[in-house]
Every structure is written in C-alpha cells, then in structure tokens.
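Some notes on the structure that comes next.
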Amino acid sequence: MFHRLFFTSLLIGGSLLFLALFGSRLEPVIRSNVTAQKFLIWVNSPFSSQKVNAEDLDEMRREPLHAQRGSLPSPSKKVWELTLNETTEAQLADWIRHRKIACSKSSKGYNYIKCKKVPLVALGLPYVNSFAELDFTIDAHNRLIFVGLLHRQLETDKALSLLGSISASLNSRLGSPSRSPASLTPEELDHSLEVLSYEYKFKDYIARVTASKLSTTGIILYEQHIYIP
C-alpha cells in the first residue's frame, strides 16, 4: 500500500525518480530528492533484499531533508491536535480511537500507521460523505515524524475548495508559504499533470499540499507534514 501512495506522490510532484529505485547507480539522485527519499523511509524498499534498521533510516532522512529545509524554526509543528516530534505512538492511537478511524500498522525500521477511508469530518473538514487516506510514521524514538493525507478522484470545485481550505489553515499558523501557485482557478487545475502546490519550509519542518489532475484517476490532492531533525 505504501508504494502505491508513493506512485501518487511522484506523479503529483512531477518526479520521475522512481526509476532510480531499480538501479544502484542512481542512488545518490534518490537521496537528493525528498519525495523519493521519503519512500525509502516508509518502506525498506521491496526492490532491495537488504533491510535497513531505524538508525539507517535516521541517517537516510538527514541529508536530503537538510538540503530542502528553510533557515528559520517553525512557529508550530502541529497537525490537527498532533505535534511532530512530540506526539507518541500511544497518543496517536488515542487520537485515532477518539475519531473512530480504522487503521493498520506495520513495522519496518520505523512504525507505519495507515488509515483508509477516513471521513473528512473526523479531521474537522466540512465535507460530509467524503473520505481520504491517512499515513503516519513513528520513528525509533517513539515520536511522530510524518503525516500524509491523500484525497483521490476529486471534482475540480471540491479540489480547489479543499486546497484553499488547507492552505488557509497552514497560512494561519505558519505564515506565508515559501511557494504558492500564481493563481488558483479551475482552468489551471484542469490541465492534465499540471501541479498546484503550496510549500512551507522551515529549519525543522516542511509542510506541503499539492493538487494535480491525472488523466486516468482525476484530481488528486496530497498534504504532507515532515519533521526535520
């Protein structure tokens, strides 16, 4: 399931670096790309027989994320009621239980919690009968280091509404984005493979939300929150 989500994130980000996973010669390129590198954090690559431990994953995160980060500390690392690098797995489990969300857990170096068909109203978003997928990563120090929220097959108007709502929430607690679209219109989003993206880069945290219309699956919106050690 995690590599299916990775395929989506690559398409959203416009990255074709997934091919690098099939050849060790391109490993430095993978490690320099935050999206491809995040995949290596999530799962001990199914294309490699060598498993990595938590210490390896810590090391794999450090350099590429440091290359992406901003210069100032973040004013907040909160994601809903959770906080990156503070929320423990037990606290996350309580948060999930309180919202009656069904999730599964796997452990491959880090602990990964995946939740399918999450009602958006459980996340405080005003969309009844709408669902998304949630991913969480807990590191070896029992701290939440990654949150991902994936929306699939959205109508244009709903995608733009969600993108505007999420970016407004991020603006309110993080300030102006490091990157934002020149305009937010249905015409821009209706161009296949065009990406509308907001990014907030700090020394210890990256928040990113992207929307893209794919020719086969409609509009996908992906929100990511990444802790930088």
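Bear in mind the structure is a predicted one, so any value in this text is a computation, not a measurement.
- Contact of the Val147 side chain with the Leu144 side chain is registered, since non-hydrogen atoms from C-beta on lie closer than 4.5 Å.
- For Thr88, the side chain to side chain donor-acceptor pair (under 3.5 Å) partners at least two apart in sequence or on another chain are Gln91.
- Every residue meeting the side chain to side chain donor-acceptor pair (under 3.5 Å) condition with Ser161, not counting sequence neighbours, appears here in chain and number order: Tyr127.
- The shortest heavy-atom contact between Leu163 and Leu221 is N-CD1, 3.7 Å.
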Next item on the list: Let me see the working for Asp58 and His141 under side chain to side chain contact (heavy atoms under 4.5 Å, CB included), right down to the final yes or no.
Entry: CA-CA 10 Å; Asp58 287 342; His141 309 289; 3.8 Å; yes

Next item on the list: Would you check, one step at a time, whether the test side chain to side chain contact (heavy atoms under 4.5 Å, CB included) holds for Ile220 with Ser212?
Entry: CA-CA 6 Å; Ile220 290 177; Ser212 179; 5.7 Å; no

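- Phe136 has its side chain within reach of Leu92: a pair of non-hydrogen atoms, C-beta onward, lies under 4.5 Å apart.
- Under the rule for a side chain to side chain donor-acceptor pair (under 3.5 Å), the partners of Tyr200 that lie at least two apart in sequence or sit in another chain are Asn171.
- Interatomic distance, CD1 of Ile113 versus CG of Leu134, reported as 11.0 Å (0.5 Å rounding).
- With sequence neighbours excluded, no residue satisfies side chain to side chain donor-acceptor pair (under 3.5 Å) with Ser76.
- Ala132 and His151 get closest at one heavy-atom pair: CB-ND1, 3.7 Å.
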Next item on the list: Let me see the working for Leu84 and Ile145 under side chain to side chain contact (heavy atoms under 4.5 Å, CB included), right down to the final yes or no.
Entry: CA-CA 5 Å; Leu84 294 178; Ile145 61 170; 5.7 Å; no

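- Within the 4.5 Å cutoff, side-chain heavy atoms of Ile226 are placed close to those of Arg208.
- Going from atom CG of Leu120 over to atom CZ of Phe131 covers 8.0 Å, rounded to the nearest 0.5 Å.
- Once rounded to the nearest 0.5 Å, the distance linking CG of Leu174 with NZ of Lys201 reads 14.0 Å.
- Between Glu81 and Arg99 there is a salt bridge, with a side-chain nitrogen of the basic residue lying less than 4.0 Å from a carboxylate oxygen of the acidic one.
- The distance from atom CD of Gln224 to atom CG of Asp135, rounded to the nearest 0.5 Å, is 10.0 Å.
- Within the 4.5 Å cutoff, the side chain of Ser169 has no heavy atoms near those of the Ile166 side chain.
- Among residues two or more places apart in sequence or in another chain, the salt bridge (charged side-chain N to carboxylate O under 4.0 Å, His left out) test is passed with Asp204 by Lys77.
- Between the CD atom of Glu223 and the OG1 atom of Thr210 there is a distance of 10.0 Å, given to the nearest 0.5 Å.
- By the 4.5 Å heavy-atom criterion applied to side chains, Ile96 and Cys103 are counted as neighbours.
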Check: For Tyr110 and Asp139, what are the C-alpha separation, side-chain angles and deciding distance, and is it a side-chain hydrogen bond (donor to acceptor under 3.5 Å, both in side chains)?
Finding: CA-CA 5 Å; Tyr110 291 161; Asp139 70 3; 5.6 Å; no

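- Ring pair Tyr205/Phe202 is parallel by interplanar angle, where below 30° counts as parallel and above 60° as perpendicular.
- Pairs engaging residues 63-91 under the ring pair (Phe, Tyr, Trp, His ring centres under 6.0 Å) rule: Trp80-Trp95 [sequence neighbours left out].
- Looking at heavy atoms from C-beta onward, Arg69 lies in side-chain contact with Lys203 at the 4.5 angstrom threshold.
- Taking a cutoff of 4.0 Å between a charged side-chain nitrogen and a carboxylate oxygen, Lys114 and Glu133 qualify as a salt bridge.
- The pair Glu89-Lys105 meets the salt-bridge criterion, since a charged nitrogen lies less than 4.0 angstrom from a carboxylate oxygen.
- Looking at Ile206 and Gln68, their side chains come closer than 4.5 Å, going by heavy atoms from C-beta outward.
- In this structure, the side chains of Ser197 and Arg179 come closer than 4.5 Å at one or more pairs of heavy atoms.
- Here the straight-line distance linking atom OG of Ser130 with atom CG of Leu154 works out to 8.0 Å at 0.5 Å rounding.
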